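Here is the structure we will look at.
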Amino acid sequence: MSDVEVFSYAKTETLAATLGKYILRLQNEVLLKNEVFTVSVSGGSLVKVLQLALIEDPEISKKIHWEKWHIYFSDERLVPLNHPDSNYKLFHDKVLAPLSDAQVAGPEVFTINESLVHSGDDATDVKIAEEYQSLLPKSLSFDLILLGLGPDGHTASLFPGHQGLKVEDKWIFNINDSPKPPPRRISFSLPLISKAKNIAFVAEGAGKAPVIKKIFEDQSSGLPGELVNDLPNIPIKWFVSNDAIAGAPIIVSMFE
Ligand SMILES: O=C1O[C@H](COP(=O)(O)O)[C@@H](O)[C@H](O)[C@H]1O
């Protein structure tokens, strides 16, 4: 079992401010020793919180060394990069475009090869996953993996009961039957996530309370969020809203 801590707030703004402090602290620790800070981001509601935390917070934003960040996607939908379903597009619109508008030097961002997304045949999607895998940092060990959590317990594109949870021989795999649209996606595998130096979940809203309760109550639920919580020797932080953990057996920590 990893070292799991939960930080909970009534308001998104307070959650985002704390997440920003956490990310800034990690960035500074890593950049004391390394040239780059390797981060993977997810899609969904996490990205708006990242915008608040890292772009709109006046104190934090000026201390982020974006030019030293290498950014990957914990999962990506196999659509063109300007498609409304693309996790890259969401991150671009909320984070990269504001940086560019402010003429701040941006991070290096690793995207899928969008020239391959149109064919739709599985062999090509396997190639997209393999190509993305070839871009991963050599160490495979991300400084920080940022994850969201769906109301069904999925994280990245690891879905409950799905074969993707059993992938052991790939760092990045593709699926064509995602229970949540769009169906074709690639995702970090659990073995890749298990190599992270730090993991942070962001989850807000009462709609996530039943699944968070299950994840923290039943340590054999097999839910993807629970499987990540169980990975050994990784500091795992959950940044959540108060309503998202209602009824869950969680001792909330103070962020210091
Ligand atoms: O499909 C996805 O959903 C999850 C959760 O999204 P949220 O909007 O409920 O926070 C997200 O983390 C993942 O990256 C995305 O592809």
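Order of listing sets the numbers, starting from 1, for every ligand and every atom in it. In this chain, residues are counted from 1 in sequence order. This one's a predicted model, so the numbers in the text were calculated from it and none came from an experiment.
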**Prompt:** If you count only heavy atoms, which residues are under 4.0 Å from ligand 1?
**Reply:** S42, G43, G44, S45, D75, R77, N87, G148, L149, G150, H154, A156, K180, R185, K208

**Fill in**
Paired with S74, the side-chain contact (heavy atoms from CB on, under 4.5 Å) test is passed by just one of L192, L147, L46, namely L147

**Message:** Donor-acceptor pair, distance only, cut-off 3.5 Å: does the side chain of D143 make one with the backbone of V39?
**Reply:** no

**S187 side chain to S157 side chain, donor-acceptor N/O pair below 3.5 angstrom** = no

Just list the side-chain donor-acceptor pairs under 3.5 Å for residues 166-175, sequence neighbours left out, or say none.
unit_1, atom_1, unit_2, atom_2, d
N174, ND2, D122, OD1, 3.1

**Request:** Starting at CG of L50, measure out to NZ of K94 and round the result to the nearest 0.5 Å.
**Result:** 11.5 Å

**Prompt:** Do L52 and Y22 belong together in a cluster built from hydrophobic side chains that touch within less than 4.5 Å?
**Reply:** no

